[in-house]
Amino acid sequence: MFLPTDAATQYYPYFEFYGQALKSGESFLWNPHLFSGFPSYLSQSAGFLDPVNIALFSALDSFFAYHTRLAIDLFLVMFFSYLAARALGLSRLAGMTVGPAYILAFNWGYLSNPVIVNSMFLMPLLVWCAAKIGEGSHRWRFASIAGAGVGWSMLSGYAQITVYAAVLFGLYMVADQLLLRREYAWRAFLKTAATLLLTGAIGVVVALPQVLPALDFSSLTVRSSGVAYEDTQAKVINPGDAALFIFPDNLYFPYVSGGRRPLYVGALLFLLATIVAGSLAARAWRREELEPAYKRMLVVGGLLAFCLLAAVAYSPLYYFLQKLPVLSYFRYPYRWMYVGAWMLACLGAFGLDYLRSAPQRFKAFSMVLAAGAASLTVVVGALNFLGERFWSGVAGGVHALLRQFAYGRFGLSKDPSHYADAITRGIAAWQESLSLMNPAFACAFISLLAAVALLYFRARGRVTGSQFYMGGFMLSAATFVAVFMAQWPHALPQSATYSHAPLVQELPGIVPGDYRTFPFMLSESFSKRVPPQYTLSTDEEQAATELQLAGGWPNANTFAGALSADGYDQFVSTDMLAALEAAGSTHGAQEATRGLSTAQISEHLLGNLDLLGIMSVKYIVSGTPLAHPDLALASEVGVTRYQVPLYIYENRLAKPRAYFASQTINRADESIGDLLAAKAPFGAAIYLDCASCATHAPSAADTLVLVHKENGFFSFEVDTHTGRWLVVTESTLPGWVASKANAGT
């Protein structure tokens, strides 16, 4: 199991449910484990309707099928990257480095996420098709292949990557016509437009099974009105993130970069891309005639610049793009580099060919690189080998300097002891992040030094073109293997998934499927045993995931067979989100509760137990103690290797998943948010979205028996003496139909 990733708490559970549904013959269109029932297939669920997934998960164990699909995806990235690189004019060995370098841009958090990996093949596929079309080779055939790729990516992968890759495909086609082939006749424009229209049409047709229901459903979700520009700036590329061009994004650099930006293609290829970009810019500025391969690289460099400009903080280009149809639905500008990283890898790989034969024109640049690498080596050596006494003196000196010139000014108005502690902790954080005992940093650091040395010797003629070419290829291959393997300890055996036993065993008297659970502040107890810090150790990361699996963390409750009123999904409905925010959800509604104190979040929960009750929440699994007359402590259990306490409470206000309403109130055209704003009480009465529905008196003689249930289907046998309202506590989403099989008494 890949950790710590979305895979552990979202996609492994999704596909466990999906695989079980396929093998049992039940429907996978309705997932009863999340949000009181949720149509997971409509959102970024990585392709429940994809024929490849259907075949894999019908035949194989869910985990094996999951990892097999990831392997297929990464093979396709390698395969199409090589084809595209060759079509762009790169040599064989240079072309072989593009795919691995592109994969390096994504840490395990990305590479274990099938939504992302299912779409990574698309950018190289589209570049290959565009280059072939530019050569005049079977235009309509390659346009059809490109369209099929777009459709498959939309069917099984990330809509954002798909749209961004399609935009770059269109830009490449236009640039190919205007800059490479220099065709300005109207017939050429019509042919390019027809090619793009054919590609788009085929893509839409292939993706229709996913796109049509998703579009229909999106109007009910938090994505219904797009995303405001202000809300998209949470994840951008900042100046400090430039460090991630030479170090993998699974690393963290305190006060500079938090990592998690797909910029790293290997230090050597990045430096080569810089050299190539400088050379191309200089030749273009001098208006020199470029060879065909150089012209193509100029287009690739332009597309890379487009992605970078769209990804940086407060980019005017991104502001413009965010106002366009479709693009306005996407958050987080840095994701342009999900596709831009391929351009960077391709430009760097071209540098292997360029410096293999080009004269040494970058001696000054190599001197700057050597000086920078030497300075960095001094810093790393000092952080690793100079003792605590030295760094205590440095911390004291910085503190004294700031006391003399800064404290009390420039906004530094807190007690000086606060800043003294911050300086000490900052130095400790840098020592930890740049530790040579950390394989992830050590491998990347050695790779950087080797890259600088290779370029330095090439600039001075100490290395021949062939030696540089072969050495650069081998260094790129070694970097790929080393950086990948350095992340290997961040994993758990698959058997850990089934460490959910405490959750099930400690729910006394629960009948599976009759009631739901509600996970609440599960990290609270963990943070007391493992205080928050810059980075967690491997042992602590594994324990954090064990907590999620054992406590029913959304969506890991699927492994326990426990139904949950909470969950995590990008397409959560607005009504459900309003209910979760009111109940203090720290998972599905974490954006609303993130800034609240423990006491404030607990107040939300305890003030809305009746709301959770009508959502059939009988058990609250909490990471913090709770006290309320309607809550009874059912059990306290220690989980993970740290024996983190979880408290399991029984909610006395819980309703079963199906029951007769004792009282109804007509409240037409009112949402959950409207009822919450009006402080309407829940539980005693059921609110009907109806203007004049009849009210029926209850009778003790009325009976209700659940005859059969499966995903998205219930069959009841009822015996009522008068009309009654039957309440089923599934999420009220379109598609539910009630029908009477036969008339009884």
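In this chain, residues are counted from 1 in sequence order.
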*Could I get the full list of side-chain contact (heavy atoms from CB on, under 4.5 Å) partners for Ser585, not counting sequence neighbours?*
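Applying side-chain contact (heavy atoms from CB on, under 4.5 Å) to Ser585 gives Phe518, Asp566, Leu580, His587, Ala589.
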State whether the side chain of [X] and the backbone N or O of [Y] hold a donor-acceptor pair below 3.5 Å, judged by distance alone.
| X | Y | result |
| --- | --- | --- |
| Asp719 | Asp702 | no |
| Thr640 | Tyr642 | yes |
| Ser153 | Val150 | no |
| Trp725 | Thr695 | no |
| Asn118 | Ser156 | yes |

_Does Glu710, at its CD atom, have more than 12 non-hydrogen atoms belonging to other residues, nucleotides or ligands within less than 6.0 Å?_
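For Glu710, atom CD is crowded (more than 12 foreign heavy atoms under 6.0 Å).
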*More than 12 foreign heavy atoms under 6.0 Å from CD of Gln570: is that the case here?*
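Counting neighbours around CD of Gln570, more than 12 heavy atoms of other residues, nucleotides or ligands fall under 6.0 Å, so yes.
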*Answer with yes or no after comparing the ring centroid distance for Phe520 and His604 against a 6.0 Å cut-off, counting only values under it.*
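No, they do not, as the ring centres are separated by 6.0 Å or more.
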*Please, which pairs that meet side chain to side chain donor-acceptor pair (under 3.5 Å) have at least one residue in residues 674-688, sequence neighbours excluded?*
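Checked against side chain to side chain donor-acceptor pair (under 3.5 Å) - neighbours excluded - the pairs reaching residues 674-688 are Ser671-Asp674.
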Heavy atoms, side chains only, cut-off 4.5 Å: are [X] and [Y] in contact?
| X | Y | value |
| --- | --- | --- |
| Tyr14 | Asn31 | yes |
| Asp689 | Thr732 | no |
| Lys235 | Arg260 | no |

Pair [X]-[Y], side-chain donor/acceptor within less than 3.5 Å:
| X | Y | result |
| --- | --- | --- |
| Ser564 | Asn557 | no |
| Ser731 | Ser36 | no |
| Tyr164 | Gln160 | yes |

*Go through Tyr647 and Ser525 one step at a time and tell me if the side chain to side chain contact (heavy atoms under 4.5 Å, CB included) criterion holds.*
CA-CA 10 Å; Tyr647 308 91; Ser525 292; 4.2 Å; yes
_Does the plane of the ring in Tyr12 sit parallel, tilted or perpendicular to the ring in Tyr66? Use 30° and 60° as the thresholds._
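Ring orientation, 0 to 90° scale: tilted.
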